[in-house]
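Input: a single structure, listed below in structure tokens.
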Amino acid sequence: MMEASHFYEPRLGHGLPHDPFNAIVGPRPIGWISTRSAEGLLNVAPYSFFTAFNYTPPIVGFSSIGYKDSVRNIEASGEFVWNLVTRPLAEAMNQTSAAVAPEVSEFELA
Ligand SMILES: Cc1cc2nc3c(=O)[nH]c(=O)nc-3n(C[C@H](O)[C@H](O)[C@H](O)COP(=O)(O)O)c2cc1C
């Protein structure tokens with residue numbers, strides 16, 4: 001029988017076939033974070049660790065697992081656009097999660 005609860009210390013591992021953390025809060029809104037590199041190249045990528053955090057002052061954000069292009073671009077430009085993915089955009093959004101050469105515009109690709 002399935003246990004009704006599961007306890008684990010992240011540093012010791014969860015002992016399950018898949019990491020449960022990704023499914024604990026679901027469904028989650030998907031952010032489509034668009035940025036511009038120092039060279040002016042455009043980038044867009046999905047981030048599910050993403051939400052509005054505060055009302056006054058208004059704060060939106062996302063979290064990157066590691067130092068990805070979006071983060072590098074934001075450091076260089078000081079800006080990002082926080083777009084909310086809706087169902088009709090889901091397939092296009094998925095296409096922008098794969099790594100592509102930086103000179104390829106993910107906007108055109110998707
Ligand atoms: C639905 C979905 C949600 C994702 N959420 C995250 C996330 O919250 N954090 C993260 O680091 N990567 C997330 N990814 C993976 C990134 O989109 C992927 O690593 C992407 O290549 C990063 O692009 P960038 O290097 O242009 O920033 C997600 C991918 C998908 C398809």
Side-chain angles (χ1 to χ4, degrees):
M1 207 175 88
M2 288 274 289
E3 293 285 339
S5 63
H6 180 77
F7 178 85
Y8 72 102
E9 298 262 10
R11 69 190 165 83
L12 301 178
H14 46 73
L16 298 170
H18 299 284
D19 189 337
F21 187 79
N22 213 22
I24 283 171
V25 179
R28 288 198 295 280
I30 304 297
W32 218 1
I33 303 299
S34 54
T35 55
R36 188 191 298 266
S37 73
E39 298 75 31
L41 298 168
L42 300 179
N43 186 76
V44 61
Y47 285 85
S48 73
F49 292 105
F50 148 98
T51 197
F53 295 106
N54 197 39
Y55 189 45
T56 311
I59 300 175
V60 293
F62 73 99
S63 150
S64 180
I65 305 159
Y67 192 75
K68 300 186 177 180
D69 290 344
S70 299
V71 179
R72 181 175 301 107
N73 292 350
I74 292 164
E75 274 191 353
S77 70
E79 295 181 355
F80 66 90
V81 181
W82 188 97
N83 308 283
L84 179 69
V85 175
T86 53
R87 187 66 186 88
L89 297 174
E91 295 307 320
M93 171 276 290
N94 253 334
Q95 290 178 349
T96 64
S97 71
V100 293
E103 60 277 8
V104 175
S105 166
E106 285 164 323
F107 286 89
E108 286 177 28
L109 188 77

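The analysis underlying the following values was restricted to heavy atoms, covering all of them including side chains, and did not include hydrogens, waters or symmetry mates. Every value quoted in this text rests on a predicted model; they were computed, and no experiment measured them.
- Heavy atoms of other residues, nucleotides or ligands lying less than 6.0 angstrom from OH of Tyr67 number more than 12.
- Minimum interatomic distance between Pro46 and Trp32 (heavy atoms only, all atoms of both residues): N-CD1, 3.8 Å.
- More than 12 non-hydrogen atoms from other residues, nucleotides or ligands lie less than 6.0 angstrom from CZ of Phe53.
- Within the 4.5 Å cutoff, side-chain heavy atoms of Ser34 are placed close to those of Asn83.
- Shown here for Leu84 and Pro29, the closest heavy-atom pair between the two residues is CD1-CB, 3.7 Å.
- Rounded to the nearest 0.5 angstrom, Asn73 CG and Lys68 NZ are separated by 13.5 Å.
- Nearest heavy atom pair, residue Val71 against residue Gly66, reads CG2-O, 4.3 Å.
- Of all the heavy atoms in Ser48 and Ile30, the pair that sits closest is CB-CD1, 3.5 Å.
- Here the straight-line distance linking atom CG of Asp69 with atom CD1 of Ile74 works out to 10.5 Å at 0.5 Å rounding.
- At a threshold of 4.5 Å between non-hydrogen side-chain atoms, the residues Ile59 and Pro57 count as touching.
- Side-chain contact check for Pro20 versus Tyr8: some heavy-atom pair is nearer than 4.5 Å.
- Under a hydrophobic-cluster definition in which Ile, Leu, Val, Met, Phe, Trp and Tyr are linked whenever side-chain heavy atoms come within less than 4.5 Å, directly or via other members, Phe107 and Val81 are assigned to different clusters.
- Between Ala110 and Gln95, the shortest heavy-atom distance links the atoms CA-OE1, 3.4 Å.
- A donor-acceptor pair under 3.5 Å is absent between the side-chain atoms of Arg36 and the main chain of Ala76, judged by distance alone.
- Arg28 forms a cation-pi arrangement with Phe49, by the criterion of a distance under 6.0 Å to the ring centre and an angle within 45° of the ring axis.
- For His6, the NE2 atom is densely surrounded, since the number of other residues' heavy atoms within 6.0 Å is greater than 12.
- When each of Phe80, Trp82, Phe62 is tested with Tyr47 by the rule ring pair (Phe, Tyr, Trp, His ring centres under 6.0 Å), just one qualifies, namely Phe62.
- A distance of 4.5 Å separates CG of Asn43 from CD of Glu106, quoted to the nearest 0.5 Å.
- No side-chain N or O of Glu79 forms a donor-acceptor pair with one of Ser77 less than 3.5 Å apart.
- With a 6.0 Å radius and a threshold of 12 heavy atoms from other residues, nucleotides or ligands, Glu103 has its CD atom above the threshold.
- Linking ILVMFWY side-chain heavy atoms closer than 4.5 Å, directly or via other members, places Leu42 and Leu89 in a single hydrophobic cluster.
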